[in-house]
Amino acid sequence: MLREVKPSVKNEIINVALPKGRLGDNVYEMFSKAGYRCPELENPGRKLVFENPEVGIRFFWVKPSDVAIYVEKGAADIGVAGKDILLEYRPDVYELLDIGLGKCRMAVAAPKSFRDDLRRTLRVATKFPNVAKAHYSSFGRDIEIIKLNGSIELAPILGLSDVIVDIVETGATLRQNNLEVCETLFEISARLIANKSSYRFKGDEIKRIRDSLGAVKGAEND
Amino acid sequence: MKTLSQDGLTGSLCALYERSGYRRYKMSKFEEYDLYARNKDFLVSENVLTFTDLDGRLMALKPDVTLSIIKNSREASGIEKVYYHENVYRASGGTLGFREIAQAGLECIGDVDEYCVCEVLSLAAKSLLEISSNSELDVSHLGLLCELLDCAKLSEPAKVSAIELMGGKNIGELEKLLKSEGVGEDMRRRIIGVAQLDCEAKEASEKLKELLGGIVSGESLALFCDTCDFLHGEFPETVKVDFSTVGDLNYYSGIFFKGYVRGVASGILSGGQYNGLMRKLKKSSRAIGFALYLDLLEPLFEAGGGFDSDILLLYKNASPAEIYGAAKRLSEGGASVCVMKERPKNMKFREVYRVASGGEAVREE
């Protein structure tokens with residue numbers, strides 16, 4: 001299903017930050033179905049920025065964790081970022097639509113033999129220190145946060161931490177490493193976000209994109 | 001977009017506020033730290049630069065102006081109208097350190113009535129228009145919003161979450177939250193309708209009467225609708241009503257507003273009726289005001305052509321009188337003229353002239 005998008009009446013170009021990787025590919029496909037195809041992006045070569053003036057759109061790929069920064073600072077008018085990133089960094093942006101891609105969950109996981117000893121400070125390894133801190137402080141548990149940048153599952157196996165707070169998709173990695181989910185903190189999916197100032201001055205175009213993506217999501221769910 | 005300079009803008013803002021009878025409030029750079037320690041939530045950043053004064057008191061370089069003005073305001077009858085243009089000192093997320101930030105704004109404290117509210121909103125809109133004709137002032141009413149959420153019988157944490165979701169225009173999750181809290185269909189429709197309100201002031205007034213009529217206090221609603229009608233009459237292009245404009249409910253209790261200009265990624269003006277803060281500071285009077293964050297306007301100041309001077313005047317063997325005469329003639333039309341012996345590196349000029357023999361300025365290619 002390909003929708004036809006008429007060029008913006010004001011000739012406004014909307015800058016879109018897409019997350020690099022599989023999620024970004026799926027997000028672009030959704031934009032394409034919504035009528036915002038960009039042939040340049042389908043044969044990228046060495047270009048970094050891809051534009052289709054006919055439908056008033058300009059895409060660029062950025063690291064998934066940087067999408068929110070590009071949007072908050074106005075380098076991108078809109079972008080697609082995971083709910084995990086939005087809750088960790090709390091950027092000052094609008095969250096316009098749950099586009100339903102990249103579904104997973106944020107969870108506390110630990111070795112199967114783990115029992116929480118409340119007399120000790122709990123050591124938590126995570127890429128998401130703010131999320132972990134907010135979770136444990138909500139019930140007053142004393143924790144030590146060990147901020148890691150990858151291979152989080154290794155931390156409890158080697159005794160670096162007691163538990164981890166991390167994204168769980170299927171749980172296969174956890175099972176293979178004798179870990180299990182103790183608690184799900186929240187569900188995650190990709191969200192369409194918008195810069196607050198861009199929403200004021202390019203609002204009609206941004207709302208049109210939101211509604212078109214919403215229609216594609218609705219059609220795919222039917 | 002106008003060509004802007006910070007000094008020029010500051011001058012026009014001060015003149016604007018003085019024309020409306022606001023007096024300049026000049027203050028010391030220091031304040032007792034205790035004032036900020038007790039009101040950390042009101043500050044943009046919790047980090048405050050402190051030092052111990054010679055008498056042993058813990059002092060702070062001012063991170064905020066409003067708190068000092070309130071603290072020093074008199075509890076007399078009538079209204080105190082003041083404006084300020086001051087530097088404040090606070091940690092900035094982007095620079096990972098403290099910064100000196102220029103801020104302008106005004107406060108109206110005392111027996112604040114509906115006229116004062118309209119006057120402050122007008123001055124906020126006019127301040128934005130001084131910066132750019134491509135600007136927007138978004139107005140909401142936190143009192144009405146709270147009344148509506150109270151009528152929906154939301155628990156206190158759910159109320160806080162609902163306001164946060166409204167602030168992020170996250171309608172999908174707001175709807176989920178209301179359902180999970182057992183809010184009925186009619187009330188959900190009203191809350192979602194208010195959350196989605198993002199239109200011209202006149203249209204908003206009509207919609208609010210339909211969505212909130214019979215639910216919230218009729219007097220508050222009528223007063224806000226009157227304010228919307230007034231704003232639409234005066235600033236039809238600039239003022240919008242947008243209920244995603246939310247602030248801290250501990251401090252702000254009525255009208256709340258934020259201003260944006262095209263070309264700046266975040267809000268540059270923020271203000272509202274802060275009767276909650278007045279109560280917290282044990283003041284019985286009411287208050288409304290706003291702050292304009294001049295540091296955020298830097299991208300606009302730079303956008304003024306990108307030239308260091310209009311004209312570069314080069315000289316070699318001319319006499320001082322000849323050079324001075326040539327520079328004087330070139331600057332007669334108001335152009336800025338930079339006189340140098342050699343063309344400087346890393347500087348840009350619109351035009352380059354050279355002083356020829358006899359003192360005549362000859363344009364170079």
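Both backbone and side-chain heavy atoms feed into the values below; hydrogens, waters and symmetry mates do not. The chains referred to below are lettered A, B, ... by the order of the sequence lines, with proteins before strands, and numbering in each begins at 1.
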Completion exercise
Assert top hit (heavy-atom pairs under 4.5 Å, partner chain B, pool A:Ala194, A:Ala75, A:Ser197) equals A:Ser197
Exercise for the section: Let me know if A:Val71 has heavy atoms under 4.5 Å from chain B in its side chain, its backbone, both or neither. Expected result: neither
Problem - Carboxylate-amine/guanidinium proximity below 4.0 Å for A:Arg90 and B:Glu164 - result: yes
Exercise for the section: Measure A:Asp92 against the heavy atoms of chain B and call it side chain, backbone, both or neither at under 4.5 Å. Expected result: neither
Exercise for the section: Give a yes or no on whether a salt bridge exists between A:Glu95 and A:Lys83, defined as a side-chain N under 4.0 angstrom from a carboxylate O. Expected result: yes
Handout entry: Electrostatic pair A:Glu29-A:Lys33, nearest N-O below 4.0 angstrom
Key = yes
Handout entry: Toward chain B, the part of A:Arg210 with a non-hydrogen atom under 4.5 Å
Key = neither
Exercise for the section: Determine, for A:Arg208 against A:Glu12, whether the closest basic-nitrogen to carboxylate-oxygen distance falls under 4.0 angstrom. Expected result: no
